[in-house]
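Worksheet: one structure, shown below.
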Number of protein chains: 2
Amino acid sequence: MAGRKARGAGSGAGITSRDVAKALNISQSTVSRAFTPGASISPALRDRIFAAAEKVGYRPNLLARGLIAGKSNLIGVVLARQTNLLYPELLYELSGRLAERGYQVLLFPIGDAASVQDAINRIWSFRVDAVLATGVLDEAAVSAFEQHGLPLVMFNRVFDLPISSVSCDFAAGARDLATRLLKAGHRDIGLVGGPEGSFVGAEVERGVRAALAGWADARLSVAHVDYRYESAAEALKLLRREDGGLPGALLCVNDTVAAGCLDQLRGTLGRTVPGDVSVVTFGGFGPARWQSYRLTGMQQPMDQMTDAAIELLVGRIADSQSGVERRSFLPVFMEGDTAAI
Amino acid sequence: MAGRKARGAGSGAGITSRDVAKALNISQSTVSRAFTPGASISPALRDRIFAAAEKVGYRPNLLARGLIAGKSNLIGVVLARQTNLLYPELLYELSGRLAERGYQVLLFPIGDAASVQDAINRIWSFRVDAVLATGVLDEAAVSAFEQHGLPLVMFNRVFDLPISSVSCDFAAGARDLATRLLKAGHRDIGLVGGPEGSFVGAEVERGVRAALAGWADARLSVAHVDYRYESAAEALKLLRREDGGLPGALLCVNDTVAAGCLDQLRGTLGRTVPGDVSVVTFGGFGPARWQSYRLTGMQQPMDQMTDAAIELLVGRIADSQSGVERRSFLPVFMEGDTAAI
DNA sequence: ATCCGATTTGCATACGCATGCAACAAATTT
DNA sequence: AAATTTGTTGCATGCGTATGCAAATCGGAT
């Protein structure tokens with residue numbers, strides 16, 4: 001147990017193509033060719049090599065392969081915590097489908113703002129082939145990627161820069177939702193938006209205002225809070241009028257905060273939903289569709305968006321000349337039990 | 001635009017230490033030393049190198065570094081879909097804390113059983129330093145890792161093999177929960193377990209039976225369904241007695257299915273909870289704590305478990321001789337609105 | 001000035017694999 | 001049977017970095 005060699009504690013940690021070659025009395029390059037699709041090698045020998053490799057537990061070292069090819073087969077995914085409950089699903093789907101294409105997802109979680117630069121450094125260092133990022137990167141970070149020729153696709157965030165993106169059209173969705181509320185007779189609408197400066201929040205507000213433009217007697221109040229369930233109480237406080245009343249319709253930017261509003265209204269505030277107040281949201285997150293919530297609102301077409309993201313990522317890797325592309329997807333209306341519309 | 005060189009479309013994709021060296025008229029090894037903590041280099045020169053590197057956008061290539069060191073700084077995380085809603089949180093926390101220690105999380109999603117072998121192959125190929133896996137790996141897969149000396153830590157699954165693991169003590173938790181139910185007067189308990197063969201399901205059942213052992217007049221019915229919300233209906237059908245009655249207490253293995261039961265009971269079946277039926281669960285997932293659910297049950301100490309997982313992973317990487325360690329954590333009781341206990 | 005020790009730098013090589021080129025064997029043609 | 005083609009294999013090299021060893025530089029003490 002004492003005098004072990006450093007390399008790999010167990011038996012077959014550091015098995016190389018040379019080991020396989022030696023076992024078969026052939027050259028290392030031949031072994032390499034056996035594992036290179038399309039390379040020149042006789043089927044019989046390849047089978048023998050595969051068998052020998054299997055026996056000694058050899059697997060090609062993708063790090064070394066990547067070093068030569070200048071391609072790591074790694075795709076970096078940058079994500080922040082506590083933004084959207086749908087993102088875990090995105091992550092799962094994305095990584096699964098990318099795996100089918102030979103890519104592996106490398107995670108770059110962002111804690112606070114300070115860790116952004118750190119994450120970017122690590123992304124560089126790992127030589128990922130492309131990056132998918134949710135809204136946590138700012139313009140400076142984002143343009144750095146593109147300047148250095150690293151394919152970047154933003155998810156649910158569009159910049160005024162030549163950056164590819166895949167996003168849900170929150171403005172159109174919000175306009176649609178607001179219009180439905182207006183047509184149903186609502187004239188007093190409260191918007192529970194994301195934190196000040198949030199892209200999605202701004203888009204939603206833009207859409208709502210567009211819808212309200214044609215209705216002179218309609219009024220809009222806006223509350224900016226973060227995306228937590230607990231923030232709903234604060235939002236409702238902000239939306240309360242001088243006379244103590246609340247808007248008859250709440251448009252929430254997010255499932256979590258919508259659920260919070262719903263619970264506040266029905267619980268603490270003793271309102272009925274959708275009787276007294278209507279609540280609509282952007283979501284589609286599973287639990288928000290459970291019987292006790294059944295939130296009415298707009299659903300992001302995550303499936304299509306995931307596909308689009310993959311297409312853009314892989315496309316840019318294959319052809320670095322392929323240009324910037326912004327794909328926008330209309331959300332679909334989702335019936336529920338929380339709005340009289 | 002036409003005659004671009006292959007290597008990296010943009011400007012600084014493939015910048016090497018040699019480029020930095022050339023710019024400063026020094027040797028490549030010196031640049032390397034500047035980026036190697038503890039290496040012999042004068043502070044003045046190091047500063048100049050850092051400045052030059054910054055200017056040309058150089059970052060050390062971790063793939064190459066890993067090739068030499070026999071260490072990739074990658075930690076593979078194997079996870080299946082649709083198991084536990086808490087796992088996204090685990091993933092986020094884990095990747096964040098590992099990043100602080102210089103490790104990056106590489107994702108290996110498992111779709112169907114067939115993809116397990118495929119995932120294992122890729123794990124090998126990427127030369128990850130260690131692997132954390134949720135319960136999707138079987139004994140064969142698991143022992144393959146250890147035989148080849150790749151540190152593996154299982155999350156919430158214990159094998160009768162020398163494999164390290166971090167897990168919540170579901171048996172003890174279930175025993176505690178069941179005892180609470182019994183002491184509150186419940187004698188007819190229904191267990192909504194995971195799919196047949198599930199580790200967690202078996203553990204929970206074991207715990208419940210241990211609790212019931214001392215109560216001769218208590219009876220237990222068990223329903224095995226998968227972890228989906230929709231499965232609750234099926235579970236309740238399975239638990240229905242010949243006379244049409246239902247158990248007075250439901251012990252669910254998972255937040256999702258517990259929420260499903262709750263909604264079925266209150267909705268379709270017209271029961272009150274916790275009046276007619278008590279529902280308890282294993283969980284702690286955010287939305288299951290929202291006002292409309294407030295599920296009573298046991299919460300896994302994810303924070304401690306995450307820390308333990310990191311400790312075991314990093315420990316095994318640093319010292320490959322460190323032995324197998326199984327860390328078990330007691331879940332903590334979580335008050336709620338769904339059980340009369 | 002001279003020498004010694006300490007510090008800093010360069011040179012050469014290796015990590016594991018892929019690939020161009022040359023060598024070779026086998027299959028086909030003339 | 002010789003010439004040509006086609007198909008396989010080995011040799012040598014490079015990807016970007018780290019590191020042992022030797023060379024070089026520097027500071028100070030003699």
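Below, chain A is the first sequence line, B the second, and so on; all start at residue 1. Given the structure is predicted, the values throughout are model-derived calculations rather than measurements.
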**Report entry** Between P of D:dC15 and CG of A:N61, the distance in whole Å
**Finding:** 18 Å
Query - Electrostatic pair B:E325-B:R316, nearest N-O below 4.0 angstrom - result: no
Requested in this report: Send over the distance from B:N25 CG to C:dG10 C1', rounded to a whole Å.
Outcome: 13 Å
Requested in this report: Would you please indicate if the ring centroids of A:F35 and A:Y58 are separated by under 6.0 Å?
Outcome: yes
Query raised in the report: Given atom CG of A:L45 and atom C1' of D:dT9, what is their separation to the nearest angstrom?
Result: 9 Å
Query raised in the report: What distance do B:I75 atom CD1 and B:Q104 atom CD have between them, rounded to the nearest 0.5 Å?
Result: 10.0 Å
Query raised in the report: Just by distance, with hydrogens left out, do A:S27 and A:S29 show a side-chain donor and acceptor under 3.5 Å apart?
Result: yes
Query raised in the report: Does B:S42 have a side-chain nitrogen or oxygen under 4.0 Å from the phosphate oxygens OP1 or OP2 of C:dT9?
Result: yes
Query raised in the report: Reading nucleotides 19-26 of chain D from the 5' end, what letters show protein touch, with B for base, S for backbone sugar-phosphate only, - for no heavy atom under 4.0 Å?
Result: BB------
Query raised in the report: Expressed in angstrom and rounded to an integer, what is the separation of A:F126 atom CZ from D:dT17 atom P?
Result: 14 Å
Query raised in the report: Are A:D307 and A:R97 close enough for a salt bridge, meaning some N to O gap below 4.0 Å?
Result: yes
Report task. Using atom CZ of A:R59 as one end and atom C1' of C:dC17 as the other, report the distance to the nearest whole Å. Result -> 17 Å
Query raised in the report: Looking only at heavy atoms, what is the nearest atom pair of B:R59 and A:Q117, with distance?
Result: NH2-NE2, 4.4 Å
Query raised in the report: Is any side-chain nitrogen or oxygen of A:R65 closer than 4.0 Å to OP1 or OP2 of C:dA18?
Result: yes
**Report entry** Sugar-phosphate only, base, or nothing, as touched by A:I26 at under 4.0 Å among non-hydrogen atoms
**Finding:** sugar-phosphate
Query raised in the report: Only one of A:I26, A:T30, A:I49 clears side-chain contact (heavy atoms from CB on, under 4.5 Å) with A:V20; which?
Result: A:I49
Report summary line: B:L67 atom CG is separated from D:dG14 atom P, nearest whole Å, by 17 Å
**Report entry** B:T16 vs D:dG16: side-chain N/O to OP1/OP2 distance below 4.0 Å
**Finding:** no
Query raised in the report: Counting just side-chain N and O atoms, does A:S27 come under 4.0 Å of either OP1 or OP2 of D:dT9?
Result: no
**Report entry** Value in whole Å for how far the C1' atom of D:dA18 lies from CG of A:L63
**Finding:** 15 Å
Query - Rounded distance (Å) that lies between atom P of C:dT9 and atom NZ of B:K22 - result: 20 Å
